[in-house]
Amino acid sequence: MPKFKRLPAKFYHQNTFKIAEELLGKFIIRKIGKRALIGKIVESEAYYGPNDLASHASRGKTARTKIMFDQAGTAYIYLIYGMYYCFNIVTEAKDFPAAILIRAAEPINLSKKANGPGKFCRAFKIDKNLNGENLITSKKLYLVENPNEKIKKSQIKKAKRIGVDYAGKYKNKLWRFYLKNNQFVSKK
DNA sequence: CCTGGGATTTTCT
DNA sequence: GAAAATCCCAGGA
């Protein structure tokens with residue numbers, strides 16, 4: 001097993017879009033008892049600020065979305081379409097709503113595919129119990145440096161977000177990022 | 001190749 | 001009561 005270096009608090013206190021790009025290639029680790037599930041992040045989507053109509057936070061702070069207003073480095077997990085969980089990483093200062101949806105990961109030691117936000121959570125056994133988890137201190141769910149690979153800017157593709165056609169002018173924002181030529185990206 | 005609908009439940013109107 | 005930051009499968013062209 002290689003030695004994994006956890007991403008520090010400082011990493012989560014950068015600009016949301018920079019983090020969304022830098023997350024690509026990083027490893028996510030989910031510990032369940034003595035087992036660890038590991039995947040490489042290959043696709044992310046940014047949801048930024050109170051005016052982004054695609055963001056849950058655009059309608060203000062509610063019981064569900066209050067986590068998005070929390071401090072950077074918090075996990076925001078919600079149930080979509082009644083059956084799939086989505087995993088997000090909260091960014092920006094407290095009381096500024098922003099988060100990054102992790103859409104896909106390349107399996108390192110996973111038995112299931114993770115090429116889509118719902119499937120990602122299924123593969124990692126992520127559910128509402130982990131909502132609000134602190135990724136900087138958690139023992140169950142956290143992110144680490146990729147010890148084998150450095151991602152270059154030229155490997156990153158920017159694209160429109162998925163499933164947000166209702167979001168007016170925000171639907172065309174290039175706020176989705178993924179690794180070029182990676183077969184585990186949910187949609188090219 | 002494409003389009004459309006069902007599953008299932010939380011959330012807001 | 002309708003819609004939702006999804007996924008999978010069926011059916012038609």
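Within every chain, numbering begins at 1; the chains are lettered A, B, ... in the order of the sequence lines, protein sequences first and strands thereafter.
Using a 3.5 Å distance cut-off with no hydrogens or angles, the side chains of S186(A) and E43(A) do pair a donor with an acceptor.
Atom OH in Y76(A) sits about 11 Å away from atom C1' in dT10(B), given to the nearest Å.
A salt bridge does not link R6(A) to E145(A): none of the charged side-chain nitrogens sits closer than 4.0 Å to a carboxylate oxygen.
In this structure, Y47(A) packs face-to-face on the six-membered ring of dA5(C), meeting both the 5.5 Å centre cutoff and the 30° plane limit.
Nucleic acid contact class of G118(A) (heavy atoms, under 4.0 Å, all strands): sugar-phosphate only. Backbone-only engagement by R103(A) is indicated by non-hydrogen atom pairs under 4.0 Å involving sugar-phosphate atoms exclusively. Using a 4.0 Å heavy-atom distance criterion, R122(A) is classed as a sugar-phosphate-only contact. Backbone-only engagement by K128(A) is indicated by non-hydrogen atom pairs under 4.0 Å involving sugar-phosphate atoms exclusively. Base engagement by L101(A) is indicated by at least one non-hydrogen atom pair under 4.0 Å involving a base atom.
Remark: dA7(B) base-pairs with dT6(C); criterion is Watson-Crick or G-U wobble with both hydrogen-bond distances under 3.5 Å. When both pairing distances are held under 3.5 Å, dG1(C) makes a Watson-Crick or G-U pair with dC12(B).
Of the side-chain N and O atoms in Y166(A), one or more sit less than 4.0 angstrom from OP1 or OP2 of dA5(C).
Residue whose closest nucleotide on DNA chain B sits further toward the 5' end, between L79(A) and M83(A): M83(A).
No hydrogens or angles were tested; on distance alone, a donor-acceptor pair under 3.5 Å links the side chain of Y78(A) to the base of dA5(C).
Rounded to whole Å, the P atom of dA2(C) lies 16 Å from the corresponding atom of dG5(B).
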Does the pair Y48(A) and F17(A) meet the rule for a ring pair (Phe, Tyr, Trp, His ring centres under 6.0 Å), with working shown? CA-CA 9 Å; Y48(A) 185 79; F17(A) 303 102; 5.0 Å; yes
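When distances run from any side-chain atom of P117(A) to the nucleotides dT11(B), dC7(C), dA5(C), the shortest one goes to dC7(C).
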